[in-house]
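Report on the structure given below.
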Amino acid sequence: MTWRSVKECRETLSNWAVQALVEEAELAPKPGLVDPEDTGSHSDLTFDLMVSSANSLRETFGLITEVSYLREPDQRLREEIADIGREGEKNMMQATGGTNTHKGAIWVLGLLTSSAALNKPGVGIKGTIQTASKIACYPDRYAPITTTNGSRIYENFGVKGARGEAESGYPHLINIALPMLKESRSKGLSEPLARLETLVSLIAHLDDTCILHRGGLPALEIAKVMAHAVLQNGGVSTLKGWRKLEELNETLLERNASPGGSADLLAATIFLDKITKKDYLNKKAMSTI
Ligand SMILES: CC(C)(COP(=O)(O)OP(=O)(O)OC[C@H]1O[C@@H](n2cnc3c(N)ncnc32)[C@H](O[C@H]2O[C@H](COP(=O)(O)OP(=O)(O)OP(=O)(O)O)[C@@H](O)[C@H]2O)[C@@H]1O)[C@@H](O)C(=O)NCCC(=O)NCCS
Ligand SMILES: Nc1ncnc2[nH]cnc12
């Protein structure tokens with residue numbers, strides 16, 4: 001199977017990337033994060049701003065898809081998408097009036113849309129992740145030398161965050177989020193509950209530099225312990241698990257901490273789920289070769 005045209009590939013993948021971000025924002029109640037019910041630990045964000053930010057990135061994902069279309073992953077491609085990604089960060093900042101909503105999401109979904117465009121449809125989730133990781137491993141030779149929240153965290157705690165996650169092959173997507181989404185669905189959870197359980201399992205395991213940057217090591221440790229408690233008490237579909245989820249939310253709010261990296265990986269999970277749906281693989285717009 002292949003795409004009928006670069007236009008079809010671009011429109012399909014960029015729509016799914018934006019949709020994944022909107023669906024992540026829509027999911028409620030997310031602990032510490034922005035959703036339609038509240039703004040979590042963020043005083044400078046709203047749900048509408050998250051949606052505007054997501055929509056401002058359609059062009060970024062579209063351009064990444066276009067330059068990646070049926071190419072090989074190599075150093076030149078890495079540099080081309082880095083340029084587009086940085087431009088995307090500027091567009092996002094313009095759309096939000098200067099608040100960082102989706103930097104981590106641009107990174108992960110940029111790599112995944114690039115990978116999905118250079119592979120043929122049907123390569124599957126693992127193949128898509130492997131290529132995304134391969135692209136991330138090429139050096140970003142023209143990156144401006146600046147201090148970021150991530151670089152400070154690396155200096156202080158040795159935690160590699162979003163970059164490390166990509167370079168090591170997205171272990172939290174492969175080993176935590178995707179299996180949890182599958183398991184929760186097979187237990188009969190509704191789609192929103194299955195996604196919420198997936199988010200909680202990410203918070204329980206990920207070294208989220210957004211939490212670290214805002215609340216330090218104690219916040220990261222307590223967030224992980226409390227997210228584990230949600231799962232150990234039956235998960236979000238049980239009364240006891242739900243109570244633990246509320247406690248996790250209260251603790252994150254008290255510490256002004258936000259699991260933004262986990263939210264980005266949830267959006268990546270939703271995107272990967274879309275690219276393996278049967279209706280996409282069998283879509284009549286796709287020609288079989
Ligand atoms: C390689 C880059 C990711 C840049 O790396 P760097 O280390 O400089 O990263 P950060 O600036 O810290 O941003 C990384 C964002 O990734 C999310 N994240 C955190 N932990 C993880 C994790 N373990 N795994 C995966 N993803 C993770 C997180 O994003 C979310 O939180 C953001 C808000 O957080 P923060 O910036 O800390 O801001 P605030 O809390 O609001 O604090 P203040 O700044 O206001 O004080 C939000 O954006 C969420 O998305 C991290 O923030 C990569 O970005 C890069 O190199 N880009 C260049 C272009 C490129 O190469 N592109 C190629 C593909 S497009
Ligand atoms: N829903 C959300 N709230 C706050 N930060 C985020 N980063 C990515 N998604 C987010």
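Each ligand, and each atom within it, is numbered from 1 in the order the structure gives.
Counting protein heavy atoms only, atom 61 (O) of ligand 1 is closest to R78 NH1, 3.0 Å. Ranking the protein heavy atoms by distance from atom 17 (C) of ligand 1 puts D264 OD2, 3.5 Å first. Summary of contacts: the protein heavy atom closest to atom 20 (N) of ligand 1 is T209 N, 3.0 Å. What sits closest to atom 32 (C) of ligand 1 on the protein, heavy atoms only, is N100 ND2, 3.9 Å. Shortest contact from atom 4 (C) of ligand 1 to any protein heavy atom: R163 NH2, 4.0 Å.
Side-chain contact between L189 and R185 is absent, with no heavy-atom pair separated by less than 4.5 Å. Looking only at side-chain heavy atoms (C-beta outward), L272 and W16 stay at 4.5 Å or farther from each other. Within the 4.5 Å cutoff, side-chain heavy atoms of D207 are placed close to those of K224. A heavy-atom distance below 4.5 Å is found between the side chains of L77 and S114.
Not close to ligand 1: S258, with no non-hydrogen atom less than 4.0 angstrom away. Taking 4.0 Å as the cut-off, T101 counts as a neighbour of ligand 2 on heavy-atom distance. Assignment of A143 to the shell around ligand 1 is not supported, since no heavy atom sits closer than 4.0 Å. Ligand 1 has no atom lying under 4.0 Å from any heavy atom of K160.
For N119 and T131, the side-chain atoms include at least one donor-acceptor pair closer than 3.5 Å. With hydrogens and angles left out, the side-chain atoms of T101 and S53 include a donor and acceptor closer than 3.5 Å.
For ligand 2, the atoms lying closer than 4.0 Å to a non-hydrogen atom of A263 are 8 (C), 9 (N), 10 (C). When each atom of ligand 2 is checked for a heavy atom of K30 under 4.0 Å away, the hits are 1 (N). For ligand 1, the atoms closer than 4.0 angstrom to any heavy atom of I64 are 65 (S). Every atom of ligand 1 with a heavy atom of A105 under 4.0 Å away is listed here by number and element: 50 (O). Annotation for ligand 1: atoms under 4.0 Å from non-hydrogen atoms of T101 are 47 (C), 48 (O), 49 (C), 50 (O).
Between atom 60 (C) of ligand 1 and the options G104, A82, S262, the minimum heavy-atom separation is to A82. Taking only non-hydrogen atoms, the option from C210, S114, P259 nearest to atom 33 (C) of ligand 1 is C210. Atom 57 (N) of ligand 1 has its nearest heavy-atom neighbour, among R214, E89, H42, E79, in E89. Remark: among candidates L33, L173, D140, the nearest residue to atom 56 (O) of ligand 1 is D140, based on non-hydrogen atoms. When the heavy atoms of P144, A132, G98, G150 are ranked by distance to atom 12 (O) of ligand 1, first place goes to G150.
Looking at ligand 1, you won't find any N or O of E165 less than 3.5 Å from one of its N or O atoms. When only interatomic distances are considered, the shortest N/O to N/O separation between D207 and ligand 1 falls below 3.5 Å. Here's the thing with W107: none of its N/O atoms is less than 3.5 angstrom from an N/O atom of ligand 1.
For atom 29 (O) of ligand 1, the protein comes within 4.0 Å by at least one heavy atom.
Residues I106 and M92 approach most closely at CD1-SD, 4.1 Å, considering heavy atoms. The two atoms that bring S52 and A95 nearest to each other are O-CB, 4.4 Å, heavy atoms only.
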